[in-house]
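Presented below is the structure to which this report refers.
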2 protein chains.
Amino acid sequence: MNILEKITNELDMLSKSERKVAEVILASPSTVIHSSIAALAKQAKISEPTVNRFCRRLDTKGYPDFKLHLAQSLANGTPYVNRHVDENDTAEEYTDKIFESTMASLEQARKNLDSNDINRAVDLLTQASKISFFGLGASAIVAHDAQNKFFRFNVPVVYFDDILMQRMSAINSRQGDVVIMISHTGRTKSLVEVANLAKENDATVIGITAKGTPLAKECSIVLSVDVCEDTDLYMPMSSRIAQLALIDVLATGFTLRRGSKFRDNLKKVKDSLRSSRFEKKD
Amino acid sequence: MNILEKITNELDMLSKSERKVAEVILASPSTVIHSSIAALAKQAKISEPTVNRFCRRLDTKGYPDFKLHLAQSLANGTPYVNRHVDENDTAEEYTDKIFESTMASLEQARKNLDSNDINRAVDLLTQASKISFFGLGASAIVAHDAQNKFFRFNVPVVYFDDILMQRMSAINSRQGDVVIMISHTGRTKSLVEVANLAKENDATVIGITAKGTPLAKECSIVLSVDVCEDTDLYMPMSSRIAQLALIDVLATGFTLRRGSKFRDNLKKVKDSLRSSRFEKKD
DNA sequence: CAGAAATAATGAAATTTTATTTCATAATTT
DNA sequence: AAATTATGAAATAAAATTTCATTATTTCTG
């Protein structure tokens with residue numbers, strides 16, 4: 001855990017003098033890692049033992065150990081953070097911000113994913129007699145991508161981004177079919193209805209959506225990619241990328257479960273595209 | 001710069017005893033940050049001054065300063081690396097690997113992107129009388145996503161993932177139209193032909209593709225997301241995510257260029273979806 | 001190519017710097 | 001007023017650095 005955050009959190013638990021130390025550190029942590037305990041004590045206008053006690057209260061062995069932790073926190077320097085795009089950003093600035101936010105979202109999504117759920121989902125997919133991917137709007141792209149991947153596995157797979165087709169397909173589903181519903185909000189009415197229809201017709205419904213939403217309630221497994229979208233300028237951005245990464249995970253899990261012979265087959269599919277391309281001259 | 005790399009690089013410049021120190025450190029850097037100079041000297045079977053000289057040779061002030069640098073290097077600890085999925089990976093392992101590889105690819109893509117090119121591309125897009133996104137296979141998804149985004153901007157935008165439609169659309173293009181061709185390989189024959197047709201008909205062709213490829217040669221701007229795909233199990237994975245992030249960048253650049261009134265409009269588009277969703281009860 | 005001279009490397013011991021502990025006093029709470 | 005807690009001066013301990021003598025290595029010379 002980042003020690004700077006920890007200092008901020010425990011600010012109330014500290015004594016008056018210790019808080020002075022905390023303030024000096026928070027004001028300029030990069031100076032502190034090059035200061036001796038005496039220098040820091042002087043700057044905070046308290047005694048050296050107080051600095052030492054402060055360090056121990058933060059569960060470090062002493063001042064040098066504390067500096068080590070501090071140095072590490074600074075090195076991380078909040079690696080990938082959601083940074084808001086600003087009106088006056090240059091191309092370079094907003095490019096960096098968007099890429100960083102996307103990485104931060106992926107990081108967050110990874111933390112929130114439960115590998116047991118993924119395992120169960122992969123189980124169901126490998127045993128499915130038919131797989132359907134449904135999404136609308138930005139999530140339609142994710143469904144589209146999923147179809148593109150699972151299609152290569154030579155299993156019956158469909159994708160629809162049209163409400164009526166989704167409904168018809170859901171009504172025709174039966175035991176052994178797996179339906180994957182993709183929605184960032186989990187609140188799109190028509191999608192929830194489709195999920196319900198699929199469930200009523202004995203299909204297994206897997207949701208790539210937020211937990212505790214109306215859509216999630218219709219699903220037997222919810223793979224939740226909880227990502228905050230507040231960087232986004234009124235467009236779904238990070239969420240769909242996390243969803244796509246999740247599709248990659250499911251597809252990879254699928255191929256691993258199927259064994260090495262199956263992967264040879266995948267290679268053939270890929271190679272079949274070769275004649276459609278210009279040769280690479282190395 | 002990472003101090004561990006630096007040690008490796010300067011290994012030849014070190015004396016025999018100093019190299020012993022280096023070896024002990026490289027073998028277990030995380031132990032060293034908790035050792036005193038005496039402990040380290042003992043472990044490397046050399047004297048304390050030698051450790052001190054070693055530290056100074058690496059441009060640190062002394063042993064404590066060296067430990068600080070080391071701690072920082074460890075904190076950064078090879079942030080996101082392309083790690084290959086292994087046959088026997090658990091769900092947790094391959095999930096982590098895929099997410100990390102994806103993040104590594106984004107990081108790499110960001111480094112390779114030229115913000116001048118992005119600026120020029122955004123310029124062209126804001127002035128375009130019509131925008132077309134063309135892609136096939138996995139890149140079709142990116143084109144699809146781009147349409148979904150640019151559609152909100154209330155500009156004429158189309159997307160085709162069908163060769164014939166692409167050709168027809170390309171032939172009908174004219175001065176002021178911008179055509180964005182998306183292809184990871186840059187070698188798909190039919191796409192190169194479409195790019196050529198568009199160019200012949202005075203459209204501005206922007207490529208989201210690799211540099212120096214047949215497709216790149218037909219483009220007036222090439223936005224290259226050079227990402228190595230060797231983690232991928234015969235499926236395009238990281239590349240398309242980097243491309244999608246690039247679409248986000250272009251879309252964001254577009255909205256920024258259009259000013260704040262325009263963004264109010266975007267909000268309206270988003271709000272228009274509200275009635276299609278179940279209310280969030282907080 | 002031996003062997004002397006010069007140079008560089010190394011560690012023991014001394015010194016200095018830095019951190020920690022002890023303990024008496026001051027501040028705060030009960 | 002008593003008990004508890006917080007604080008810093010001084011003492012101690014620990015760690016790092018410097019000095020300097022010794023040893024190893026290289027370079028030069030006859």
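So that the names make sense, note that chain A is the first sequence line, chain B the second, and so on, each numbered from 1. Note that the structure is predicted; figures quoted are calculated from it, not measured.
- For the salt bridge (Lys or Arg N to Asp or Glu O under 4.0 Å) test, no residue two or more places apart in sequence or in another chain qualifies with B/D114.
- Side-chain contact between B/V122 and B/T252 is absent, with no heavy atoms from C-beta onward closer than 4.5 Å.
- Residue B/K61 contributes atom NZ, which lies 11 Å from atom P of C/dT18 at whole-angstrom precision.
- When heavy atoms are screened at a 4.0 angstrom cut-off, B/R19 is found touching no nucleic acid atom at all.
- Per the geometry, CG belonging to A/D65 stands 15 Å off C1' belonging to C/dT18, to the nearest Å.
- Protein atom OH of B/Y63 is 17 Å distant from nucleotide atom P of D/dA14, rounded to whole Å.
- Near DNA chain C, meaning a heavy atom under 4.0 Å away, the residues from residues 21-52 of chain A are A/S36, A/I37, A/E48, A/P49, A/N52.
- Rounded to whole Å, the distance from CD on A/E18 to P on D/dT7 is 6 Å.
- Listed by first then second residue, pairs satisfying salt bridge (Lys or Arg N to Asp or Glu O under 4.0 Å) with a partner in residues 53-66 of chain A read A/K6-A/D59, A/E18-A/R57, not counting sequence neighbours.
- Within the structure, ring pair (Phe, Tyr, Trp, His ring centres under 6.0 Å) contacts touching residues 7-61 of chain A (residues at least two apart or in different chains) are A/F54-A/F66.
- Contact check, B/R57 against C/dA8: no side-chain N or O comes under 4.0 Å of OP1 or OP2.
- Judged as a salt bridge (Lys or Arg N to Asp or Glu O under 4.0 Å), not a single pair has a partner in residues 22-45 of chain B (not counting sequence neighbours).
- For D/dT5, the OP1/OP2 oxygens have no side-chain nitrogen or oxygen of A/K16 closer than 4.0 Å.
- Remark: A/S17 is in phosphate contact with D/dT7, judged by side-chain N or O atoms under 4.0 Å from OP1 or OP2.
- In this structure, the salt bridge (Lys or Arg N to Asp or Glu O under 4.0 Å) partners of B/D123, at least two apart in sequence or on a different chain, are B/R257.
- Distance, A/R56 CZ to C/dT21 C1': 8 Å, rounded to whole Å.
- Applying the 4.0 Å criterion to OP1 and OP2 of D/dT7, one finds that A/S15 has a side-chain N or O inside that range.
- The main-chain N or O of B/T31 is found under 3.5 Å from a side-chain atom of B/S35 such that the two form a donor-acceptor pair.
- Look at CZ on A/F54: it is 15 Å from P on D/dA6, rounded to the nearest Å.
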